[in-house]
Amino acid sequence: QVQLVESGGGLVQPGGSLRLSCAASGSLSSGKAMGWYRQVPGKRREFVASINANGDIAYADSVKGRFTISRDIPKNTLYLQMNSLKPEDTAVYSCAHYESGYWGQGTQVTVSS
């Protein structure tokens with residue numbers, strides 16, 4: 001069964017850090033282009049970061065310098081290290097495997113004091 005499972009979300013104070021993981025299983029190819037997105041209820045899904053098969057990385061301007069995307073190819077896992085978190089980073093974060101079109105179910109990140 002093909003799955004993308006996110007974990008690592010939670011409640012954190014402003015200025016804090018979280019590390020999200022996205023574990024791919026089943027027939028999803030490792031080392032392929034993947035990305036992180038986030039969505040707030042009532043708003044459109046927003047691009048956060050991506051990494052392609054060559055390792056090229058892109059970030060949304062709103063997270064540059066604070067978030068870092070990475071991956072562990074043998075573990076077929078994508079990560080998002082989030083530092084200096086702000087209340088406006090509060091959202092459901094989801095990962096996407098572009099080649100297959102599969103998305104994870106999302107993990108809630110709440111930044112609040």
Measuring from Leu85:CG to Ser17:OG, what's the distance to the nearest 0.5 Å?
-> 6.0 Å
So, does Thr90 use its side chain to make a donor-acceptor pair with the main chain of Thr110 at under 3.5 Å?
-> no
Return the minimal non-hydrogen interatomic distance between Ala91 and Val40, and the atom names on each side.
-> CB-CG2, 3.9 Å
Which pair of non-hydrogen atoms, one from Ser21 and one from Thr77, has the smallest distance, and what is that distance?
-> CB-CG2, 4.3 Å
Show your reasoning for whether side chain to side chain contact (heavy atoms under 4.5 Å, CB included) applies to Ser112 and Leu11.
-> CA-CA 7 Å; Ser112 175; Leu11 173 64; 4.2 Å; yes
Heavy-atom closest contact (Leu80 atom, Ala49 atom, distance) = CD1-CB, 4.3 Å
dist Leu20:CG -> Met82:CE (nearest 0.5 Å) comes out at 3.5 Å
Leu78 vs Ile51 side-chain heavy atoms within contact, under 4.5 Å = yes
For the hydrophobic clusters of this structure (ILVMFWY residues joined by side-chain heavy atoms under 4.5 Å, transitively), does one cluster hold both Val109 and Val48?
-> yes
Contact check, side chains of Ser94 and Gln39, non-hydrogen atoms, under 4.5 Å | no
Closest non-hydrogen atom pair, Gly106 against Val92 | CA-CG1, 3.8 Å
Evaluation steps, side chain to side chain contact (heavy atoms under 4.5 Å, CB included), between Lys86 and Val111 | CA-CA 6 Å; Lys86 304 174 181 180; Val111 185; 5.5 Å; no
For Glu6 and Gln105, indicate whether the former's side chain and the latter's backbone hold a donor-acceptor pair under 3.5 Å.
-> yes
Qualifying residues under ring-ring contact (aromatic ring centres under 6.0 Å, His included), relative to Tyr98, sequence neighbours excluded | none
CG (Asn76) and OG (Ser25) are apart, to the nearest 0.5 Å, by 8.0 Å
Option passing side-chain contact (heavy atoms from CB on, under 4.5 Å) with Cys22 (candidates Trp36, Trp103, Tyr79, Tyr93) = Trp36
All N/O donor-acceptor pairs, side-chain side in residues 61-74, below 3.5 Å, sequence neighbours left out:
unit_1: Asp61; atom_1: OD1; unit_2: Lys64; atom_2: NZ; d: 3.2
unit_1: Ser62; atom_1: OG; unit_2: Arg38; atom_2: NH2; d: 3.4
unit_1: Arg66; atom_1: NH1; unit_2: Ser84; atom_2: O; d: 3.0
unit_1: Arg66; atom_1: NH1; unit_2: Asp89; atom_2: OD2; d: 2.7
unit_1: Arg66; atom_1: NH2; unit_2: Ser62; atom_2: O; d: 2.8
unit_1: Arg66; atom_1: NH2; unit_2: Asp89; atom_2: OD1; d: 3.0
unit_1: Arg66; atom_1: NH2; unit_2: Asp89; atom_2: OD2; d: 3.4
unit_1: Arg71; atom_1: NH1; unit_2: Gly31; atom_2: O; d: 3.4
unit_1: Arg71; atom_1: NH1; unit_2: Lys32; atom_2: O; d: 3.3
unit_1: Arg71; atom_1: NH1; unit_2: Asn52; atom_2: O; d: 3.0
unit_1: Arg71; atom_1: NH2; unit_2: Asn52; atom_2: O; d: 3.0
unit_1: Arg71; atom_1: NH2; unit_2: Ala53; atom_2: O; d: 3.3
unit_1: Asp72; atom_1: OD1; unit_2: Lys75; atom_2: N; d: 3.2

Please check if atom OH in Tyr102 has more than 12 non-hydrogen atoms from other residues, nucleotides or ligands closer than 6.0 Å.
-> no
